[in-house]
Structures are given as structure tokens and as C-alpha cells.
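No experiment lies behind these values; they were computed from the predicted model shown. All ligand and atom numbering here is 1-based and tracks the order in the structure.
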Amino acid sequence: MTEKISVLLSEEEVDARIKEIGEQISRDYEGKQVHLICVLKGGSFFMCELAKRITVPVSLDFMSVSSYGSETKSSGVVKIVKDLDEPLNGKHVIVIEDIVDSGRTLSYLLAMLKDRGPESISLCTLLDKPERRVVDVHVDYTGFQIPDKFVVGYGLDYGQKYRNLPYIGTVEFE
Ligand code: IMP
Ligand code: MG
């Protein structure tokens, strides 16, 4: 089976929106320092671009979780593959994700991170597929709401491919 990728959100649209979110975060956290947590691997491209647009002091940490399931669906069982390097006590944490789909991964992750005593915690996702939500998660910053289609690019993969596309594309299977 081969895949055909069609542009859903162009590089220019994505970059412009990330700039806006960066400005919004900079206003919302004025006078504070933010601690960005990148959920690997998908969130990495978004976090780097976003961090460059934030004008308040920023620190970064990374975490990797895997949700067991097929390539296009998560099962709800989440395993920590790589934990954070630093504690969260007293920090203004912003979790950076590529996409919120069923919400299972994020609801598990947020509950776990809240237990580590951050001063505040919010969620920032590049993409949101609200139609697919199974578990309720509060998203503070959303890049784009998209329809229920499988997408790749800007960190998102299909079978580990296409993360490096500078735009968001939909995948059709031929
Ligand atoms: P959730 O637990 O169902 O919200 O799944 C979230 C994770 O599934 C994301 O962090 C992605 O890694 C993956 N995912 C969900 N939808 C897509 C998609 O359209 N393309 C690529 N990965 C996706
Ligand atoms: Mg992800």
C-alpha cells in the first residue's frame, strides 16, 4: 500500500499560527518563567518553533510516552518510555503536544504531571480533532481544529515517516 499526502495546512499557515500562540503565551505568562514539556517525538517540531516565539524566560524538558495500539489508533494504555529530567515543583508548566485525538494520552499524562506539584499546568497542542474525543481534556492553546482525518508532518508520523514535512498533510491510502 502506498500513501498519498495532500496539503491540509501550509507551512506559512502553520508558522503564522505558531507565532500567534507564542505571542498569546508571552502575554498570559508576563512576569513569569514557563517550563515547556515536549511530548516526544511528535511535539518536537512544534515546541522548537513555539519556544522561539515566546518572549518570557523559557526552560525545556522532554518526555516520551507510548500508547499501545495500531498505527492510526491509540488504545488508551500509556507507558512512560522516557521520563522528565527535572522536577516540576513550583513551575509554570506548559505541556506541548502535536495532536489531541481521543484524549487518552493527554488525560493520563496531565493527571500524572499534576501530582508532581507544578505551580500551574496548561496544555498546548498544535492540532485538535474534537470529533474523536473519548476522554475529556481541557486544552488551553490550540493551533488548529481539524476534521477526523489522519495527518502527518510537522512532527506527526505515519509509521515513523513524514515527521519532517514542513506542513500538515492528510494521508490517503491507495
Ligand atoms: P490520543 O491518545 O488518541 O489523543 O492520541 C494522541 C496520539 O496519537 C498523538 O500524540 C499522536 O502521536 C497520535 N495521533 C493521533 N492522531 C494522529 C494523526 O492524525 N496523525 C499522526 N498521529 C496521530
Ligand atoms: Mg504524540
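The only member of Arg133, Lys129, Lys149 that meets salt bridge (charged side-chain N to carboxylate O under 4.0 Å, His left out) when paired with Asp101 is Lys129.
A salt bridge is defined here as a Lys NZ or Arg NE, NH1 or NH2 lying under 4.0 Å from an Asp or Glu carboxylate O, and Lys19 with Glu23 meets this definition.
Within 6.0 Å of atom CG in Asp136, 12 or fewer heavy atoms from other residues, nucleotides or ligands are found, so the atom counts as exposed in its surroundings.
When each atom of ligand 1 is checked for a heavy atom of Arg104 under 4.0 Å away, the hits are 2 (O), 4 (O). Heavy-atom contacts of Asp101 reach the following atoms of ligand 1: 1 (P), 3 (O), 4 (O), 5 (O), 15 (C), 16 (N) (cutoff under 4.0 Å). Of all atoms in ligand 1, numbered sequentially from 1 with element shown, those under 4.0 Å from a heavy atom of Ser102 are 1 (P), 2 (O), 3 (O), 4 (O). Atom numbering of ligand 1 starts at 1 in the shown order; those under 4.0 Å from a heavy atom of Lys149 are 19 (O). Atoms of ligand 1 lying under 4.0 Å from any heavy atom of Asp157, numbered from 1 in the order shown and given with element: 21 (C). Numbered from 1 in the order shown, with element, the atoms of ligand 1 that lie under 4.0 Å from a heavy atom of Val151 read 18 (C), 19 (O), 20 (N), 21 (C). Of all atoms in ligand 1, listed by their number and element, those nearer than 4.0 Å to a heavy atom of Thr105 are 1 (P), 2 (O), 5 (O), 6 (C). Taking a cut-off of under 4.0 Å to the non-hydrogen atoms of Glu97, the atoms of ligand 1 that pass are 10 (O).
The heavy-atom pair separating Met63 from Leu84 by the smallest distance is CB-CD2, 3.7 Å. Summarising the geometry of Phe62 relative to Lys82, their closest heavy-atom pair is O-NZ, 3.1 Å, with the distance given to 0.1 Å. The two residues Glu86 and Asp61 come nearest to each other via the heavy atoms N-OD2, 3.0 Å.
Thr170 is listed as a side-chain neighbour of Glu172, based on a closest heavy-atom distance under 4.5 Å.
Tyr154 and Glu49 share no donor-acceptor pair across their side chains, judged by distance under 3.5 Å alone.
With a heavy-atom cut-off of 4.0 Å, Val152 does not touch ligand 1 at all. When non-hydrogen atoms are compared, ligand 1 lies under 4.0 Å from the side chain of Leu156 (C-beta onward) but not from its backbone. Residue-level proximity to ligand 1 for Lys129 is carried by the side chain, the only part with a heavy atom below 4.0 angstrom.
Close N/O approach between Leu106 and ligand 1 is not found [any backbone or side-chain N/O within under 3.5 Å].
Under a 4.0 angstrom heavy-atom cut-off, Val134 registers as lying outside contact with ligand 1.
Of all the listed residues (Gly103, Gly169, Ser107, Ser66), Gly103 holds the heavy atom that lies closest to atom 4 (O) of ligand 1.
Taking the six-membered ring where tryptophan is involved, the planes of Tyr29 and Tyr141 are tilted, since the angle between them lies from 30° to 60°.
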